[in-house]
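Keep in mind the model is a prediction, meaning the values are calculated, not measured. Residue numbers start from 1 in every chain, and the chains themselves are labelled A, B, ... in the order their sequence lines are given, proteins ahead of strands.
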Amino acid sequence: MFLRSAILPKQMLGDRALPLVIAVNVFLAGLTILVAVTVIGMVDRWSGDVARLASVQLPPAGNSLGQAEAVLALLDDEPDIVRAQRLDEKAVSELLAPWLGRGNVVGDLPIPQIIDIELAPQADVAALRARLEAAVPGIVVDDHADWQAKTTRIRLLVYYAAGSVILLIILAGIIMIVFTTRANLRDHRHLVETMHLIGATDAFTALQFQKHFLDLGIRGGLLGAVPVLAVTYGLARLAEYQPDLWLPGNGVPLTSYTVLILPPVIAALLTMATARIAVLRILRQMN
Amino acid sequence: MIQVENVDLAYPGGPVVLRGLNFQLAAGSFHFLTGKSGAGKTTLLRALYLDHRPERGAIRMFGEDIATLPHEALPALRRRIGVVFQDFRLLDHLTVAQNVGLPLTVAGIEPDRRDKNVAELLDWVGLGDKSGSYPPRLSGGEKQQVAIARAVIGNPRIVLADEPTGNVDSDIGGRLMWLLAQLNRQGTTLVIATHDQTLLRDYAAQAGVLHLDGTGGVVQQSSAPVQMPHTGS
Ligand SMILES: Nc1ncnc2c1ncn2[C@@H]1O[C@H](COP(=O)(O)OP(=O)(O)O)[C@@H](O)[C@H]1O
Ligand SMILES: [Mg+2]
């Protein structure tokens, strides 16, 4: 309201409808961003954890505790490895249970020895693998590279999906804003012409409409941003009780959500720019 | 002050309304623009207040050929020309005072100075008590007074009025004409479109005539001596 022009009528077409439509668009865009940031944040954290974990599998042929101890000693000397721990038979059976079933493991079925390792942050996995393979023929180093590739794909997928949804929302918003602004200017053609004829510059006339539409845009933006903030806050509170769910605050720092400022700001600026362009286009047709 | 050379005027997609216009109006002169309805009076005035450009020819005002000036250069020039439009062009959502002050508002004059000028001018035209009214509540004569006040508030060197007495009773018309003639006595170049024969007779001593013959528009011009501007009231 503080932005209202003193020259334009107090009530103009779209004064109510436009902020509402903008608010709905900002709300939808905000929710989309909220979901995208949460999913990407969780995937990032998860792949960050997974990236540091790997496992070493000893060939069943050389299946003996002695060999495992030797390999463990070797791993302890590796600077790239922070921690190494052999899984006992029970743990390995647990791991295999989904494939073999519980309690079905026959005693003489060769069960691989598995050693979990935690890699140093800048570990060179390829070099480590080469060294271990040279030292222990048949050894398998599994560094979850597949997983990494998968999470990268998930990230991209989320980016593209969220991006497309937001583009559609922006497109719908632009159409609505352009439509309302044009209708509004048709209503006020007499005003625009009169200002033009008494010596207003195009910039001055455009500014009057820009202010008005920026005002509408800000109102719509705020109206849409409030429920988005409420939802974000509510989910973050829920995260305190449901630490396992993918929720803001559960591993995704709340600062990641500052990007939620963008939809209302973009909506307000877009509204203002649309009005400016529409007014200047009309004025350009005049002498 | 105003030099029109070989000017053709037309509307987009329409025939040429006025052809081969040639005339000059001296600074400080006073002319009636006459011709029957449809002869092209409004069309010529619109060209003079830069609403549209000639198809051909040159119009010189303030030392510029306004036919070829770029779009961006026109607002500054328009502010030096006061116009009383045939249909007033008042803004119904603004008060009388806001309407009269509009040319100063768009020119970026400080509100205090603007409001002082507006008050003075409204007293001059005799509408001091209507400054807070809105145009739809005004009579035709009052609207015309507001339009005249708005036309002159920026101290224009040229005032163009399109049938300013067309819709009002003759006693009010006389008052409006007196206001406009007073501007001319203070040195403003004045062109008034009219087909009111009484006006022509009443002001025959002071005003020249530009006549549009209605057949494509040869201008016949007669001039009255340019008045020496009085100063003071
Ligand atoms: N906006 C317009 N578009 C096309 N033709 C117009 C327009 N305005 C006026 N005319 C035509 O131009 C001619 C002159 O009109 P106008 O200048 O309004 O005459 P006057 O003011 O002397 O009555 C008329 O034939 C009229 O029909
Ligand atoms: Mg006319």
Counting only non-hydrogen atoms closer than 4.5 Å, does [X] touch chain A with its backbone (N, CA, C, O), its side chain (CB onward), both, or neither?
{"X": "B:R150", "value": "side chain"}
{"X": "B:L102", "value": "both"}
{"X": "B:H71", "value": "side chain"}
{"X": "B:I81", "value": "neither"}

Side chain, backbone, both or neither: which part of [X] has a heavy atom under 4.5 Å from chain B?
{"X": "A:A203", "answer": "neither"}
{"X": "A:I7", "answer": "both"}
{"X": "A:E193", "answer": "both"}

Any salt bridge linking [X] with [Y]? Criterion: basic side-chain nitrogen under 4.0 Å from a carboxylate oxygen.
{"X": "A:R219", "Y": "A:D215", "value": "yes"}
{"X": "B:E5", "Y": "B:R60", "value": "yes"}
{"X": "A:K10", "Y": "A:D15", "value": "no"}

Exercise. Any sub-3.5 Å donor-acceptor pair from B:D8's side-chain atoms to B:G20's backbone N or O?
Worked result: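 Checking the backbone N and O of B:G20 against the side chain of B:D8, a donor-acceptor pair under 3.5 Å is found.
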
Exercise. Just by distance, with hydrogens left out, do B:R114 and B:T105 show a side-chain donor and acceptor under 3.5 Å apart?
Worked result: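 There is such a pair between these side chains.
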
Exercise. Just by distance, with hydrogens left out, do B:T194 and B:E163 show a side-chain donor and acceptor under 3.5 Å apart?
Worked result: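 No, because no side-chain N or O of B:T194 sits under 3.5 Å from a partner of the opposite role on B:E163.
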
Problem set entry | Winner by heavy-atom pair count (cut-off under 4.5 Å) against chain A, out of B:G154, B:G82, B:P75 |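 Ranked by contacts with chain A, first place is B:P75.
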
Problem set entry | Contact listing (chain B partner; residues 279-287 of chain A; heavy atom under 4.5 Å) |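 Hits under 4.5 Å: A:L283, A:R284, A:M286, A:N287.
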
Exercise. Hey, does the Lys NZ or Arg CZ of B:R80 hover above the aromatic six-ring of B:F62, less than 6.0 Å from the centre and inside 45° of the axis?
Worked result: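 Relative to the ring axis of B:F62, which defines the angle, B:R80 lies inside both limits.
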
For this session: Please work out whether the ring planes of A:F213 and A:F209 are parallel, tilted or perpendicular, with thresholds of 30° and 60°.
Result: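 Taking A:F209 first and then A:F213, their aromatic rings lie parallel (interplane angle under 30°).
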
Problem set entry | Interatomic distance, A:L216 atom CG to A:L223 atom CG [nearest 0.5 angstrom] | 12.0 Å

For this session: Determine, using ring centers only, whether B:Y11 and B:H52 are less than 6.0 Å apart.
Result: yes

